[in-house]
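Worksheet for the structure shown next.
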Amino acid sequence: MGDGGFASRERKGRIPELSAIAASVRREILEMLGASGSGHPGGSLSTVEILVSLYFYKMRHNPGDPAWKSRDRFLLSKGHAAPALYAVLSRCGYFPGAELSSLRKLGSRLQGHPDPKKLPGVEIPGGPEGIGLSEGIGMALASRIDGLDNRIYVLMGDGEQDEGEVWEAAMAGAKFKLDNIVAIVDMNGIQQEGKTSEIMPSGSLLEKWRAFNWDVEEIDGHDFDSVIRALDRPPKHGIPRAIIAKTIKGKGVDFMEGNPEYHGKVPSKELLDQAIRQVSGR
Amino acid sequence: MDIKKTSMREALGRSLVRLGETDEKVVVVGADTTDSIKLMEFGRRFPSRFFNVGIAEQNMIGISAGLALSGKKVFCGTYVVFLERAIDQIRNTIAYCSLDVKIIGSHGGISVGPDGGSHQAIEDFAIMRTIPNMKVIAPSDSESADMLIEKAGREKGPFYIRILRPNLPQFYDSGSRVEIGKANLLREGSDVTIIANGVMLGEAMDAAGLLEKEGIFAEVIDCHTIKPLDLALIEKSARKTGAVVTAEDHNIIGGLGSAVAEALSEAYPVKMRKVGVRDVFGQSGDGRELMSAYGLDSANIIRNVREIVNK
């Protein structure tokens, strides 16, 4: 797999730095949500290691030239995790960190759900679930037409797997033999109204994606070694890749972890301060 | 009147091939109706820029959005009633980001015929024209369809273009001037303005011919662009005639008639009547028979004209 000792050592060498970034991103997510007073903490916190691995380790991108044609693209299909994306994009330099506190406010570029017309670095509009993978397929097809060797990464939620369009897109990815796309499922086990296993049981997502002819693996979505190892694995020729990342909703804040209540609710000032202390290791 | 009838779908196929020849950014996405609506003409010619996604309209729109976000100029389409499954994707990707995607809705209206009410879209103008950034076009013959589709392909931003199943009488030729957003005055008159599009333009022209025999001179406007509406021409004609009848193969709620009424009520209110489907679903039958049964014919236009013209 080309995963020799050197690659492995290099990967591991980056982990302390990535972990430090992840801690800052978690803090910024919570501060942003505190400032806005509304938004989605749980599903933002579950994505952090995945986003940090993509933007600070794996992806070929240039914050100075967000429209660079050959860039790798990250598509946040679960658009309610916007705060995580914004924290990562500003840290990369796509826009000033001072803007983070404008989240969800009138006139802000940081919309409640991302808007690519407003904010540099945002690739697709967020909002209704289930559309991002289709857009990723479209971009992967465009890259093929244009002879580009970039990769398209699409992050979905596990609740989002309820949407039929996800599976329409999954079939299309296999039909068009797109080995330049990677679908990542943030499997935090919770959707708006409760556990995914109760709201709409998906069974084994690994088996489902495999049955749709994707090259699938399941990983620990909070373990950097596991995440970047999966991202580094070269694609199989003509086969799209899916990564099922087992995560914890609200990761890093004890009262939010695994708690459906914090899908779309910002905690009280007191609890928020407590949460910020926890993710900052204080 | 014995006028040559031609196919709008074949016009679509021709204009897409022309666009594909001159612009390699043009791509086409279809959903298992590609031969029927002639998207396949493009596919045969440019197979690497043509994608059939199967019976998956939401995915068709999402993929089209992705292609457009990567700089492609996208045409996609299927039958209108299937397309309407993907209104969410049309609103939240293509319109929301004002993407270069031209959406073709084929088989609009009850004139589709025997497939029945499930396949007769009578609400698409209403839905599409209320979505910001979306332009809405409903050509009335194959020649103007050919020109409008090509012009839309060379303009930025999203379009919804409704084309029709039946062969239609031809009102334009290759020398005609047809522009997006500019209605065409096809017949001058002084007593009433009939504003029509699609399959109803032929009925409007027939009605005008028959009305002339009873001394009523009708002006006929082909309003092929519903949004942006050519208020300048419509208002000018309304000021001249003082009476307007609209005619469309669409629900009288929210379509061409509503668009005209909304605009004139602010600009220059006149007596108006709307000819269209009166808020009911269609049924199986021959297209012509259905049009008469639902009041989409020259006879009903004439009845409505008589109601508001003082002669």
Side-chain angles (χ1 to χ4, degrees), chain A residues 66-75 77 79 111 113-119 122-148 150 152 154 156 163-178 180-181 212, chain B residues 20 23-32 42-43 46-76 78 82 85-101 103 131-133 156-158:
Chain A
W68 176 39
K69 202 170 161 65
S70 301
R71 70 192 183 277
D72 291 335
R73 290 167 179 240
F74 172 73
L75 279 57
S77 190
Q111 292 290 293
H113 293 77
D115 182 345
K117 285 282 189 195
K118 291 194 160 68
L119 194 64
V122 171
E123 298 283 2
I124 59 166
E129 304 259 296
I131 311 181
L133 189 60
S134 299
E135 291 166 294
I137 302 281
M139 290 180 182
L141 289 169
S143 289
R144 172 183 290 174
I145 294 170
D146 294 338
L148 302 177
N150 62 343
I152 315 296
V154 182
M156 295 175 281
E163 290 280 7
E165 188 186 351
V166 169
W167 304 101
E168 296 180 3
M171 278 192 276
K175 170 187 168 170
F176 295 121
K177 302 189 184 337
L178 295 171
N180 55 352
I181 189 165
F212 279 73
Chain B
D23 190 345
E24 65 178 19
K25 285 186 176 163
V26 174
V27 301
V28 171
V29 187
D32 201 34
F42 183 96
F46 310 104
S48 65
R49 291 191 265 150
F50 175 78
F51 309 102
N52 187 343
V53 303
I55 312 167
E57 296 77 18
Q58 303 171 65
N59 196 34
M60 176 182 77
I61 297 296
I63 287 177
S64 298
L67 283 158
L69 284 161
S70 282
K72 300 300 173 194
K73 298 176 183 176
V74 188
F75 277 82
C76 66
T78 185
F82 303 159
R85 172 171 291 207
I87 298 301
D88 165 9
Q89 289 78 1
I90 290 170
R91 179 197 186 275
N92 284 301
T93 61
I94 289 168
Y96 196 68
C97 296
S98 201
L99 299 178
D100 277 338
V101 179
I103 303 162
I131 300 175
N133 295 333
K156 282 210 165 300

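By convention in this document, chain letters (A, B, ...) are assigned in the order of the sequence lines, proteins followed by strands, and residues within each chain are numbered from 1. The figures here come from the full heavy-atom set of this structure, side chains too, leaving out hydrogens, waters and symmetry mates.
Note that SG of B:C97 is 7.0 Å distant from NZ of A:K117, once rounded to the nearest 0.5 Å. Expressed to the nearest 0.5 Å, how far CG of B:L69 lies from CD of A:E123 amounts to 8.0 Å. Taken to the nearest 0.5 Å, the CG atom of A:D146 stands 7.5 Å off from the OG atom of B:S70.
In this structure, the side chain of A:K175 engages the main chain of B:N52 through a donor-acceptor pair within 3.5 Å.
Of the listed residues (B:V27, B:V53, B:I55, B:T93), the one with the most heavy-atom contacts under 4.5 Å to chain A is B:T93. No other option in B:L67, B:N59, B:V74 has as many heavy-atom pairs under 4.5 Å with chain A as B:N59. Interface remark: of the candidates B:R91, B:Q58, B:M60, B:Q58 forms the most heavy-atom pairs closer than 4.5 Å to chain A. Chain B forms the most heavy-atom pairs under 4.5 Å with one residue out of A:A140, A:G164, A:A169, and that residue is A:A169.
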**Report entry** Test side chain to side chain contact (heavy atoms under 4.5 Å, CB included) applied to A:I131 and B:D88, step by step
**Finding:** CA-CA 9 Å; A:I131 311 181; B:D88 165 9; 3.9 Å; yes
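Only the side chain of A:R73 comes within less than 4.5 Å of a heavy atom of chain B; its backbone N, CA, C and O stay farther away. Neither the backbone nor the side chain of B:E24 comes within contact range of chain A; no heavy atom of the residue lies under 4.5 Å from a heavy atom of that chain. A:K69 touches chain B through its side chain: at least one heavy atom from C-beta onward sits under 4.5 Å away, while N, CA, C and O do not.
Between the side chains of A:E165 and B:Q89, at least one donor-acceptor pair of N or O atoms lies under 3.5 Å.
Shortest non-hydrogen contact noted between A:P125 and B:N92 is CG-O, 3.3 Å.
Shown here is B:R49, whose CZ atom has more than 12 heavy atoms of other residues, nucleotides or ligands within 6.0 Å.
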